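Residue numbers count from 1 along this sequence. Keep in mind it's a predicted model, so treat the numbers as computed, not measured.
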Amino acid sequence: MTTDTVTDVFEAHRPVLMGVAYRMLGRVADAEDVVQDAWLRWSAGDRAEVREPRGYLVRVTTRLAIDRLRRIKSRGETYVGPWLPEPYVTDFGDTVPDAAERAVLADSVSLAVLVVLESLSPLERAVFVLREAFGYPYADIAAVLDRGEPAVRQLAGRARKHVAERRPRYQVDPAERRDLTERFLAAATDGDLEGLLELLAPDVRLVGDSGGKSRAPLRVLESADHVGRFLLGAARKSVPALSLRFLEVNGGLAVLALSGDEPDSVFQLDVADGRIRTVYVLRNPDKLTSLAAAL
């Protein structure tokens, strides 16, 4: 391969590699580092025996992500307050023309699913991502992980059961989420508690991630009354030069709140049966830096 061809081949597969790495790690910067390491191995390595570049690159990326995830877990870092994955701007658009495939990819990168994946072992997480998000056959996953196929099937079964037990048991309709998000913003900014309570499910949860570096609840809030009153109180606190922007984050509609030109927070709603079931609020400034490219 020429230098240009080597680069072109890698760049053609970069979106898939980034998708694998982010789902494995839940952190944009870490995923980008892993993909960069994969590039260094691809560009400097002996490619004469590489018959299928995509498979080779996915294998390298997955193994690098497993190693990084193990190092993260071994550090045993204590996070202040609830943890949410770093928001990842997704816009599959024409790159994934099949609606069913788009839905699978969106679900596998959702905040709710990534929170559950955080509790899996690195190998379980790798198997789940490759199988459920990207549809890899068990034999191919076994080759990626250098494990026997029966062992991979066992890992997949444990991971699938774990996720099924903990993930939300409802599907989020995009049109319904858009409508409720707009009404949610209107009620919150107008200080309309009654209108807000009508939108919230009785057992609604608010998960706020600040990492202890900005204002957000340090525990999960539950019940419509608690969540509604907190949201109205937060809406009353002035943010300099506040503006709101819709964008697609983690496979679904989200609201980016800006203070001037700087990201202040990201809000996303999970909805079902015409009510808001979960409110995600991400305010950790370290997790908002990657959104600058989306502005």
| Which one of Val129, Val35, Asn250 satisfies the side chain to side chain contact (heavy atoms under 4.5 Å, CB included) criterion with Tyr22? | Asn250
| Can you name the one residue among Val152, Leu69, Leu145 that meets side chain to side chain contact (heavy atoms under 4.5 Å, CB included) with Leu123? |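 In the set Val152, Leu69, Leu145, the residue that makes a side chain to side chain contact (heavy atoms under 4.5 Å, CB included) with Leu123 is Leu145.
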Minimum-distance pair of heavy atoms, taken over all atoms of [X] and [Y]:
X: Leu114; Y: Pro85; answer: CB-CG, 3.8 Å
X: Ala257; Y: Leu242; answer: CB-CD1, 4.1 Å
X: Pro240; Y: Ser259; answer: O-OG, 2.9 Å
X: Ala65; Y: Met24; answer: CB-CB, 3.8 Å
X: Arg275; Y: Leu200; answer: NH1-O, 3.0 Å
X: Gly19; Y: Tyr88; answer: N-OH, 4.5 Å

So [Y] and [X], do their side chains get closer than 4.5 Å, heavy atoms only?
X: Glu86; Y: Ser290; answer: yes
X: Val207; Y: Val279; answer: no
X: Val255; Y: Val266; answer: no
X: Leu256; Y: Leu244; answer: no
X: Ser43; Y: Phe10; answer: no
X: Trp39; Y: Thr7; answer: yes
X: Asn284; Y: Ser214; answer: no
X: Trp42; Y: Asp37; answer: no

| task | Take Arg14 and Glu11 through the side chain to side chain contact (heavy atoms under 4.5 Å, CB included) test and state the conclusion after the steps. | result | CA-CA 5 Å; Arg14 182 183 287 274; Glu11 290 303 320; 2.9 Å; yes
Ignoring hydrogens and angles, tell me if any N or O in the side chain of [X] forms a donor-acceptor pair with the backbone of [Y] under 3.5 Å.
X: Ser110; Y: Asp107; value: yes
X: Ser108; Y: Ala133; value: no
X: Arg277; Y: Asp270; value: no

| query | According to a 4.5 Å side-chain heavy-atom criterion applied to Ile, Leu, Val, Met, Phe, Trp and Tyr, with indirect links allowed, do Val80 and Leu84 form part of one hydrophobic cluster? | reply | no
| request: Flag yes if Leu218 and Trp83 sit in one hydrophobic cluster, no otherwise; membership is Ile, Leu, Val, Met, Phe, Trp, Tyr, and two members link when side-chain heavy atoms are under 4.5 Å apart. | output: no
Is any NZ, NE, NH1 or NH2 atom of the basic residue among [X] and [Y] found under 4.0 Å from an Asp or Glu carboxylate oxygen of the other?
X: Arg63; Y: Asp67; answer: no
X: Arg59; Y: Asp140; answer: no
X: Asp179; Y: Arg183; answer: yes

| request: Just do the side chain to side chain donor-acceptor pair (under 3.5 Å) check on Arg158 and His162 with the steps written out, would you? | output: CA-CA 6 Å; Arg158 288 203 301 268; His162 184 89; over 6 Å; no
Give, for atom [atom1] of [X] and atom [atom2] of [Y], the distance between the pair rounded to the nearest 0.5 Å.
X: Thr278; Y: Gln268; atom1: OG1; atom2: CD; value: 10.0 Å
X: Arg153; Y: Tyr138; atom1: CZ; atom2: OH; value: 5.5 Å
X: Gln36; Y: Leu17; atom1: CD; atom2: CG; value: 12.0 Å
X: Ser265; Y: Lys287; atom1: OG; atom2: NZ; value: 14.0 Å
X: Thr61; Y: His13; atom1: OG1; atom2: NE2; value: 11.0 Å
X: Asp146; Y: Ile141; atom1: CG; atom2: CD1; value: 14.0 Å

| Audit row: Asp173, Arg177, salt bridge (Lys or Arg N to Asp or Glu O under 4.0 Å) steps and yes/no | CA-CA 6 Å; Asp173 177 76; Arg177 172 147 49 183; over 6 Å; no
| message | Please check if the number of heavy atoms outside Arg41 that lie under 6.0 Å from its CZ is greater than 12. | response | no
| said: Is it the case that atom CZ in Arg229 sees more than 12 heavy atoms from other parts of the structure closer than 6.0 Å? | reply: no
May I have the list of side-chain donor-acceptor pairs in residues 25-34 shorter than 3.5 Å, sequence neighbours left out?
| from | atom 1 | to | atom 2 | distance (Å) |
| --- | --- | --- | --- | --- |
| Arg27 | NH1 | Leu25 | O | 2.4 |
| Arg27 | NH2 | Glu118 | OE2 | 3.2 |
| Asp30 | OD1 | Arg68 | NH1 | 3.2 |

| said: Pair Leu253, Glu248 - check side chain to side chain contact (heavy atoms under 4.5 Å, CB included), show working. | reply: CA-CA 5 Å; Leu253 180 73; Glu248 185 178 296; over 6 Å; no
| Do Tyr280 and Leu206 pass the side chain to side chain contact (heavy atoms under 4.5 Å, CB included) test, and can you show the C-alpha distance, the side-chain angles, and the key distance before you say yes or no? | CA-CA 6 Å; Tyr280 297 106; Leu206 184 145; over 6 Å; no
Sequence neighbours excluded and cut-off under 3.5 Å, please list the side-chain donor-acceptor pairs for residues 184-198, or say none.
| from | atom 1 | to | atom 2 | distance (Å) |
| --- | --- | --- | --- | --- |
| Thr189 | OG1 | Leu185 | O | 2.7 |
| Thr189 | OG1 | Ala186 | O | 3.2 |
| Asp192 | OD1 | Glu194 | N | 3.4 |
| Asp192 | OD1 | Gly195 | N | 2.8 |

For residues 48-56, tabulate all N or O donor-acceptor pairs below 3.5 Å that involve a side-chain atom, not counting sequence neighbours.
| from | atom 1 | to | atom 2 | distance (Å) |
| --- | --- | --- | --- | --- |
| Glu52 | OE1 | Gly55 | N | 2.6 |
| Glu52 | OE2 | Arg54 | N | 3.3 |

| request: For side chain to side chain contact (heavy atoms under 4.5 Å, CB included), just list the numbers for Asp209 and Val281, CA-CA rounded to whole Å, side-chain angles, deciding distance to a tenth of an Å, and then say yes or no. | output: CA-CA 6 Å; Asp209 179 338; Val281 182; over 6 Å; no
| said: Tell me whether the NZ or CZ atom of Arg23 lies within the 45° cone about the ring axis of Phe128 and under 6.0 Å from its centre. | reply: no
| field | Candidates Lys237, Arg245, Arg283, Arg215 - the one meeting salt bridge (charged side-chain N to carboxylate O under 4.0 Å, His left out) with Asp264 | value |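 Considering Lys237, Arg245, Arg283, Arg215, a salt bridge (charged side-chain N to carboxylate O under 4.0 Å, His left out) with Asp264 is found only for Arg283.
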